[in-house]
Amino acid sequence: MGEQVEVETPNPRAQIGGIAGKLDGRRLESVEAVGKNLLLRFEGGYVLRSHLRMNGRWTLVPRGAELRGRPWLVLRGARYEARQWNGPVLELHVRAIRRLGPDVLAPEPDFVRMLANLRSGDQGRGVGDAILDQRIVAGIGNKWKAEALWAARLSPWRPLSDTSDGELRTVLEAAARMMRGSLGGRRHANRVYRHAGRPCPRCGGRIAARGQGDANRTAYWCPACQL
Ligand SMILES: [Zn+2]
């Protein structure tokens with residue numbers, strides 16, 4: 001970590017997406033295990049996700065050690081090289097890092113800055129609309145918005161002005177926890193997302209759905225227990 005690395009994808013199956021061309025020569029900023037995934041972050045906002053499933057493996061050898069076979073990925077630093085064999089999951093994500101809020105999936109999400117961002121904008125905005133704003137917090141999608149608000153018992157329509165810092169933090173932490181769990185392979189049973197008209201698993205109330213925000217993305221919530 002911390003070095004500019006040479007990146008190759010010798011296995012033809014790993015060459016889809018041009019990973020080597022995009023990452024070669026970039027600095028490897030961090031490597032983090034999230035569940036069974038390995039997230040490799042490169043400068044420029046690139047995140048490579050590797051999942052080994054049953055047969056994949058990593059090896060770490062001195063730079064230039066003999067290579068037999070075709071690994072999916074080779075990351076070559078000044079002294080060592082890491083090789084990933086048998087894939088089968090190698091996905092490159094690009095984050096437009098400029099103007100984005102703190103990453104909800106960061107190893108240590110910056111909840112303080114997310115909160116400051118929430119407080120620096122229009123306080124008449126509904127919580128559900130605000131947490132989907134990628135300039136405030138990056139990474140929360142429509143499903144996790146709905147599920148995190150349900151977990152925190154907060155209505156997506158509650159204006160920020162009527163919401164305490166503690167309540168906002170609870171929602172953000174719930175979203176981060178659920179999303180990391182999901183990324184790590186934990187199954188998540190939806191409580192309200194796409195459950196319009198069905199009973200709330202907490203209180204039995206009828207789950208509602210309505211478009212919210214400029215993008216009119218559907219908010220799902222239980223009007224009986226999310227206030
Ligand atoms: Zn309910």
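Predicted model only: the values in this text are computed from it and were never measured.
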Electrostatic pair [X]:[Y] at N-O distance under 4.0 angstrom:
X      : Y      : value
Arg41  : Asp103 : yes
Arg76  : Glu81  : yes
Glu167 : Arg153 : no
Arg26  : Glu3   : no

In a table with atom names and distances, give each donor-acceptor pair under 3.5 Å that connects a side chain of residues 197-215 to protein atoms at least two apart or in another chain.
from, atom 1, to, atom 2, distance (Å)
Arg202, NH1, Trp150, O, 2.9
Arg202, NH2, Trp150, O, 2.8
Gln212, OE1, Lys145, NZ, 2.7
Gln212, NE2, Pro156, O, 2.9

side-chain hydrogen bond (donor to acceptor under 3.5 Å, both in side chains) contacts in which one or both residues fall within residues 55-64, not counting sequence neighbours: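 Sorted result for residues 55-64: Glu6-Arg63, Thr59-Trp85.
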So do [Y] and [X] actually touch side chain to side chain, heavy atoms under 4.5 Å?
X      : Y      : value
Ser50  : Gln84  : yes
His188 : Glu147 : yes
Val171 : Thr163 : no
Leu73  : Leu48  : yes
Leu90  : Arg49  : no
Gln15  : Arg13  : no
Tyr46  : Leu92  : yes
Leu39  : Leu183 : yes

Can you establish whether the number of heavy atoms outside Arg194 located under 6.0 Å from its atom CZ is more than 12?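 Atom CZ in Arg194 is not packed in, count stays at 12 or less.
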Neighbour count >12 (heavy atoms, 6.0 Å) for atom CZ, Arg70: no
If only atom types and distance count, is the side chain of [X] paired as donor or acceptor with the main-chain N or O of [Y] below 3.5 Å?
X      : Y      : value
Gln134 : Gly139 : yes
Gln123 : Leu118 : yes
Thr170 : Gly166 : yes
Arg113 : Phe111 : no
Arg158 : Asp162 : yes
Asn11  : Pro71  : no
Asp122 : Gly124 : yes
Ser155 : Trp157 : yes

Can you give me the closest heavy-atom contact between [X] and [Y], atom names plus distance?
X      : Y      : value
His195 : Arg191 : ND1-O, 3.4 Å
Ala176 : Pro109 : CB-CG, 4.3 Å
Met1   : Ser30  : SD-CA, 3.5 Å
Leu160 : Ala130 : CD1-CB, 4.0 Å

Set out, in order, the CA-CA distance, both residues' side-chain angles and the distance that settles salt bridge (Lys or Arg N to Asp or Glu O under 4.0 Å) for Arg177 and Glu173, then state yes or no. CA-CA 6 Å; Arg177 188 177 60 245; Glu173 287 178 351; 5.8 Å; no
Nearest-0.5 Å distance that lies between atom [atom1] in [X] and atom [atom2] in [Y]:
X      : Y      : atom1 : atom2 : value
Trp144 : Leu132 : CH2   : CG    : 14.0 Å
Met178 : Arg186 : CE    : CZ    : 9.5 Å
Lys22  : Asp24  : NZ    : CG    : 13.5 Å
Arg53  : Asn86  : CZ    : CG    : 13.0 Å

Go through the steps to decide whether Glu8 and Arg83 satisfy the test salt bridge (Lys or Arg N to Asp or Glu O under 4.0 Å), and finish with yes or no. CA-CA 10 Å; Glu8 292 170 9; Arg83 299 165 176 173; over 6 Å; no
Group every Ile, Leu, Val, Met, Phe, Trp and Tyr by side-chain heavy-atom contacts under 4.5 Å, then state whether [X] and [Y] land in the same group.
X      : Y      : value
Phe42  : Val74  : no
Leu115 : Ile140 : yes
Val104 : Leu168 : yes
Val5   : Val61  : no
Leu38  : Val94  : yes

Please evaluate residues Leu75 and Leu23 with respect to the criterion side chain to side chain contact (heavy atoms under 4.5 Å, CB included), reporting the C-alpha separation (whole Å), side-chain torsions for both, the decisive distance (0.1 Å), and the verdict. CA-CA 10 Å; Leu75 302 175; Leu23 296 181; 5.8 Å; no
Co-members of Tyr80 in a cluster of I, L, V, M, F, W and Y side chains, linked at under 4.5 Å: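 Same cluster as Tyr80: Leu60.
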Dump the intermediate steps for side chain to side chain contact (heavy atoms under 4.5 Å, CB included) on Val137 and Leu172, then the final yes or no. CA-CA 9 Å; Val137 43; Leu172 295 168; 4.2 Å; yes
Take Asp165 and Arg119, measure what side chain to side chain contact (heavy atoms under 4.5 Å, CB included) needs, and give me the verdict at the end. CA-CA 9 Å; Asp165 287 358; Arg119 289 303 185 205; 2.8 Å; yes
Does Asn117 have any side-chain hydrogen bond (donor to acceptor under 3.5 Å, both in side chains) partners at least two apart in sequence or in another chain, and if so, which?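 Asn117 satisfies side-chain hydrogen bond (donor to acceptor under 3.5 Å, both in side chains) with no residue once adjacent residues are dropped.
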Is there a side chain to side chain contact (heavy atoms under 4.5 Å, CB included) between Asn142 and Tyr193 once you walk through the steps? CA-CA 8 Å; Asn142 203 37; Tyr193 179 67; 4.2 Å; yes
Salt bridge (charged side-chain N to carboxylate O under 4.0 Å, His left out) filter on Asp133, not counting sequence neighbours, yields Arg125, Arg135
Side chains of residues 216-227: which donor-acceptor pairs under 3.5 Å do they make with residues two or more places apart or in other chains?
from, atom 1, to, atom 2, distance (Å)
Gln226, OE1, Cys222, N, 2.8
Gln226, NE2, Leu149, O, 3.3
Gln226, NE2, Leu154, O, 2.8

